[in-house]
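One structure is given here, and the rest of the page talks about it.
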Amino acid sequence: MRKKTYLLAALIVAALCVVLIVLGVRHSAALPTGGEGGENPSQEETAAPITATLAVCGDIMSHSPQTNDAYDAATDTYSYQPCFQYVKPWIEGADYAVANFETTLNGPPYSGYPQFSAPDALAYDIKDTGFDLVTTANNHSMDKGYDGLARTLDTLDAAGLAHVGSYRTQEELDANHGVVVADVGGISVAFLGYTYGTNGITIPEDRDFCLNRFNTDYAGECSTLDQEGLSQALSYAEGLGTDLIAVMIHWGIEYQTQQNEYQTQVADFLISHGADVILGSHSHVPQPMETRTVTLEDGSTRSGFVSYSLGNFVSNQSPATVNVNYTDTTAVLNLELTKNPETGETTVSDVSYVPLLVLNRGTGVADQYVILDVNAAMADYNAGDTSLVSAEVYAKLEYALEGCHTILGAEGDKAAPPAAQDTAQDQEAA
């Protein structure tokens, strides 16, 4: 009898404990959890900023010696992949990568300067390297006429490369008003592409839609800004509500390591009409970069980042071939973009670059052209690796580094390559 009484009492106590625990949990869930005024910290938490990297490269060209070097007689095929092998990690490591595609893909027979036509393999290989979008608006866009322009776009489409600046039909231009919207690591960027001219080639009136020009006198002096056309295009881009607007523009004077007055005038016009980032090309040598601030008609100001030129990302040009310094010197420009989710404000929060040298190893050498990461190649040589870099090549690397530091600013030089993109291998190993 006593055991039953004890057992019943124990069951009652246990039941009361369960009830108290449940009531306690419910009560605590209903109470504010910390903070003066009874505010819930979870309601005060702010979303983390979105940060992404946009990689920008210069002119992608294929002079005849490059085309010949890319040819494999044994397979009757072309490959440019060896040229990009040492810089591929920088391109792949970015959230989005862009460049100026300065050739046509008009099919054989292939040709170099002055009217370019490269093998289709070039498009597929730069896609494999990690590029996402190219501007096709430059002074060589019409080298093979409208048909060459259209076939170039067909081939880029087949390779999976987005493009901006040239169009096959009026409908294609009208569909997006010449604007390509890209997702750059969670940040939306509206890209536009323009060229100063076409090397004097007049575009037929019935094909006027095919190429974006920022000068109304594009076949002549190339000195009259198409303010109406640019302002309309930028207004359309603003209406899309993207986080940033980037204009890829072919401008300036060849072989000049400083921007000219007209470039700064055009830059100020673009910034005042909504451009946040301006990515220039054409000079075939690097030119400076800066953040420019313009005063608007109402007295307010707008700022935009301008890279006037990154020179030749790949070409046959060098001091030895064209007698112009820094024609083999270039860089991967890394723009860090940061978006505040609460305010919606997006900025270029950091600017850095990787110095590069386009090394021409000479005729009769397999893989004649390679783009070297200057800092990495110099470090390998200093560590005793002379398989690629000789004393002569080391001197070229030093000269390229000096050129980048002088023109682009030493403070932006990144010395260490990004970590390899080997998440998949890590997962497999796990």
Salt bridge or not between [X] and [Y]? Use side-chain N to carboxylate O under 4.0 Å.
X    : Y    : result
D268 : R292 : yes
R151 : D120 : yes
D350 : K414 : no

Centroid separation under 6.0 Å, is that true for the rings of [Y] and [X]?
X    : Y    : value
F131 : F313 : yes
W251 : Y308 : yes
Y255 : Y326 : no
H163 : F101 : no

Practice task
Count the heavy atoms belonging to other residues, nucleotides or ligands that lie under 6.0 Å from OH of Y262, then report whether that count exceeds 12.
Solution key: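 Above 12, so yes.
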Would you give the length of the straight line joining atom [atom1] of [X] to atom [atom2] of [Y], rounded to the nearest 0.5 angstrom?
X    : Y    : atom1 : atom2 : answer
R207 : T202 : CZ    : OG1   : 15.5 Å
N340 : D243 : CG    : CG    : 11.0 Å
T347 : L335 : OG1   : CG    : 11.0 Å
T301 : L296 : OG1   : CG    : 7.0 Å
Y167 : C210 : OH    : SG    : 10.5 Å
N215 : T224 : CG    : OG1   : 7.0 Å

Do you know the tightest heavy-atom contact between [X] and [Y]?
X    : Y    : value
A158 : Y124 : CB-OH, 3.3 Å
T330 : V358 : CG2-CG2, 4.2 Å
L408 : A331 : CD1-CB, 4.0 Å
S318 : T321 : N-OG1, 2.8 Å
I253 : S283 : O-CB, 3.6 Å
T155 : A123 : CG2-CB, 4.3 Å

Any non-hydrogen side-chain atom of [X] less than 4.5 Å from a side-chain atom of [Y]?
X    : Y    : value
Y353 : C404 : yes
L173 : N212 : yes
L337 : V348 : yes
Y381 : T386 : yes
Q256 : V285 : no
I249 : Q263 : no
F214 : V247 : no
I203 : R213 : yes

Backbone of [Y] reached by a side-chain donor or acceptor of [X] within 3.5 Å:
X    : Y    : answer
N260 : G252 : no
N199 : N139 : yes
R361 : A366 : yes
N312 : T327 : yes
Q66  : H63  : yes
D69  : Q368 : yes
D132 : A97  : yes
R168 : A150 : no

Handout entry: Derivation of the side chain to side chain contact (heavy atoms under 4.5 Å, CB included) call for V189 and L54
Key = CA-CA 10 Å; V189 180; L54 173 65; 5.7 Å; no
Within the 3.5 Å criterion, strictly below it, is a donor on [X] or [Y] matched to an acceptor on the partner's side chain?
X    : Y    : value
D328 : Y399 : yes
Y96  : D183 : no
S62  : Y80  : yes
K144 : S111 : yes
S349 : E336 : yes

Exercise for the section: Sort out for me which residue in V370, T129, I126, I371 forms a side chain to side chain contact (heavy atoms under 4.5 Å, CB included) with C83. Expected result: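 Testing each of V370, T129, I126, I371 against C83, the sole residue satisfying side chain to side chain contact (heavy atoms under 4.5 Å, CB included) is I371.
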Handout entry: Option passing side-chain hydrogen bond (donor to acceptor under 3.5 Å, both in side chains) with N138 (candidates N100, D59, T103)
Key =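 It is N100; the other options fail the test.
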Handout entry: Chi angles and distances behind the side chain to side chain contact (heavy atoms under 4.5 Å, CB included) call for E102, F116
Key = CA-CA 8 Å; E102 195 156 354; F116 290 92; 5.8 Å; no
Exercise for the section: Please say which of H140, H282, H284 ends up in a ring-ring contact (aromatic ring centres under 6.0 Å, His included) with H250. Expected result: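 Result for ring-ring contact (aromatic ring centres under 6.0 Å, His included) with H250: H282.
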